[in-house]
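The next block holds one structure in the form of structure tokens; read it before the comments.
A quick note: this is a predicted structure, and the numbers were derived from the prediction, not measured.
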Amino acid sequence: MSQKLKLLLVVTLFHSHVAYASDPDPVQDFCIALKDSASGNPSCKNPSTVTVEDFTFKGIKFPGNYNRTGISIMLVNSNVFPGLNTLGMSFVRADLAVGGVNVPHCHPRATETLFVMEGRIYAGFVDTNNKVYAKVMEKGEVIVFPRGLAHFQMNVGNTPASFVGSFNSQNPGSQRIPAAIFGSGIEEALLEKAFGLDANEIAKLRKRFQIPL
């Protein structure tokens, strides 16, 4: 095999790998997702019946319900907004009560860009060298969280805060780190050794972060 041919194969394989590192490029202008397909497979709405309403969404005008850490999260993807289907993006509206926290979490399939709509939010991420990049963000400011890295937010102001996060994936995934560790089925002995906790402390944390079935 010639050197030129070998080089061509290497370049082709490299580009093929890169192409599959994110959502695939669309092969049509749009594909409005149909929720009910007779075959059970994803399908597109007939373009002749598509209207501007398929490309608009009103579901995040107001905050949702707050959880025990003082945050309301409303994820917007193609499941609730079919117009996003195949476009390689999704987003979220989040509202934080005073002192509210979005616990450390990560998105394995997407980079997130966060835009502060109201309030003062301490936001940041931790890189693979355990270095923290964080600061207090104010209304109108933007911060980016690289794909797969643990990040967090907390309302440090005296009024409610809110932000919109945008993802470069139709399905970014979300793994909340406390729940992933203490709300899963990891063996208790491993958790005790990893965190220096006794059985009672592990039990309390497991009860707190237990994932409902």
Side-chain angles (χ1 to χ4, degrees), residues 52-53 55-84 87-183 195 201 204-212:
V52 68
E53 298 303 324
F55 301 101
T56 61
F57 184 74
K58 303 176 182 178
I60 57 170
K61 283 186 175 181
F62 307 103
N65 297 321
Y66 289 83
N67 66 19
R68 60 174 181 76
T69 65
I71 186 170
S72 161
I73 299 175
M74 303 173 70
L75 179 62
V76 183
N77 54 30
S78 61
N79 293 329
V80 295
F81 185 8
L84 291 176
L87 300 184
M89 66 172 297
S90 54
F91 58 98
V92 64
R93 171 180 174 155
D95 295 87
L96 290 157
V98 175
V101 170
N102 193 9
V103 302
H105 62 284
C106 63
H107 305 292
R109 295 181 290 274
T111 293
E112 178 181 3
T113 303
L114 181 153
F115 173 76
V116 180
M117 296 194 297
E118 295 290 343
R120 301 177 72 245
I121 299 174
Y122 174 66
F125 66 91
V126 182
D127 71 7
T128 54
N129 292 314
N130 291 330
K131 182 177 179 179
V132 178
Y133 298 84
K135 64 175 292 186
V136 175
M137 308 292 297
E138 300 189 349
K139 181 178 179 178
E141 296 182 339
V142 176
I143 185 171
V144 62
F145 306 127
R147 173 182 171 180
L149 296 185
H151 55 281
F152 49 83
Q153 298 92 32
M154 179 172 68
N155 183 355
V156 294
N158 298 318
T159 59
S162 61
F163 66 84
V164 170
S166 177
F167 306 101
N168 64 340
S169 173
Q170 180 168 321
N171 183 18
S174 182
Q175 189 171 46
R176 300 172 75 80
I177 294 172
I181 295 172
F182 297 105
F195 295 98
E201 291 169 323
K204 288 179 181 179
L205 288 168
R206 280 189 156 168
K207 183 177 181 181
R208 182 176 185 184
F209 294 108
Q210 184 176 6
I211 302 173

Practice problem: To the nearest 0.5 angstrom, please state how far the OH atom of Y133 sits from the CZ atom of F145. | Solution: 14.0 Å
Self-check item: For S166, all residues meeting side chain to side chain contact (heavy atoms under 4.5 Å, CB included), sequence neighbours excluded
Solution: M89
Practice problem: Apply side chain to side chain contact (heavy atoms under 4.5 Å, CB included) to V116 and list each qualifying residue two or more places apart in sequence or on a separate chain. | Solution: L114, I121, M137
Exercise. Would you check if P172 and S90 make a side-chain contact, meaning some heavy-atom pair closer than 4.5 Å?
Key: yes
Exercise. Report the distance from atom CZ of F195 to atom CZ of F182, rounding to the nearest 0.5 Å.
Key: 4.5 Å
Quiz item: Does the N155 side chain pair with the main chain of G100, one donor and one acceptor, at a distance under 3.5 Å?
Solution: no
Self-check item: Residue pairs involving residues 57-68 (criterion side-chain hydrogen bond (donor to acceptor under 3.5 Å, both in side chains); sequence neighbours excluded)
Solution: N67-T69
Quiz item: Looking at side-chain heavy atoms only, is the closest gap between F125 and V144 below 4.5 Å?
Solution: no
Practice problem: Check the side chains of R176 and N102 for a donor-acceptor pair under 3.5 angstrom, ignoring hydrogens and angles. | Solution: yes
Quiz item: Where the side chain of H107 meets the backbone of G148, is there a donor-acceptor pair that is under 3.5 Å apart?
Solution: no
Exercise. Check R93 against F62 and note the closest heavy-atom contact, atom names and distance.
Key: NH1-N, 3.6 Å
Anything under 3.5 Å between a donor and an acceptor, one on a side chain of residues 71-83, the other on a protein residue two or more places apart or in another chain? List them.
{"unit_1": "S72", "atom_1": "OG", "unit_2": "G64", "atom_2": "N", "d": "2.8"}
{"unit_1": "S72", "atom_1": "OG", "unit_2": "G64", "atom_2": "O", "d": "3.4"}
{"unit_1": "N77", "atom_1": "OD1", "unit_2": "N79", "atom_2": "N", "d": "2.9"}
{"unit_1": "S78", "atom_1": "OG", "unit_2": "Q170", "atom_2": "NE2", "d": "3.1"}

Quiz prompt | Distance-minimising heavy-atom pair for G119 and A161 | solution = CA-CB, 4.0 Å
Quiz prompt | With sequence neighbours excluded, residues passing side chain to side chain donor-acceptor pair (under 3.5 Å) with K135 | solution = none
Quiz item: How about Q175: does its CD atom have over 12 heavy atoms from other parts shown lying under 6.0 Å from it?
Solution: no
Quiz item: When rounded to the nearest 0.5 angstrom, what distance separates NE2 in H105 from OG in S174?
Solution: 5.0 Å
Quiz item: If you measure from OG on S169 to CZ on R147, what distance do you get to the nearest 0.5 Å?
Solution: 8.0 Å
Quiz item: How far apart are the C-alpha atoms of E118 and T159, what are their side-chain angles, what is the distance that settles it, and do they pass the side chain to side chain contact (heavy atoms under 4.5 Å, CB included) test?
Solution: CA-CA 9 Å; E118 295 290 343; T159 59; over 6 Å; no
Exercise. With side chain to side chain contact (heavy atoms under 4.5 Å, CB included) as the test, would you mind laying out the steps for F57 and L84 before giving the verdict?
Key: CA-CA 10 Å; F57 184 74; L84 291 176; over 6 Å; no
Practice problem: For I177, check side chain to side chain contact (heavy atoms under 4.5 Å, CB included) against everything at least two apart and list the hits. | Solution: P104, A150, I181
Practice problem: Starting at CG of N171, measure out to CZ of R109 and round the result to the nearest 0.5 Å. | Solution: 4.5 Å
Self-check item: Rounded distance (nearest 0.5 Å) linking atom CD of E112 with atom CZ of F163
Solution: 6.5 Å
Quiz item: Of all heavy-atom pairs between L149 and C106, which one has the smallest distance, and what is that distance?
Solution: O-CB, 3.7 Å
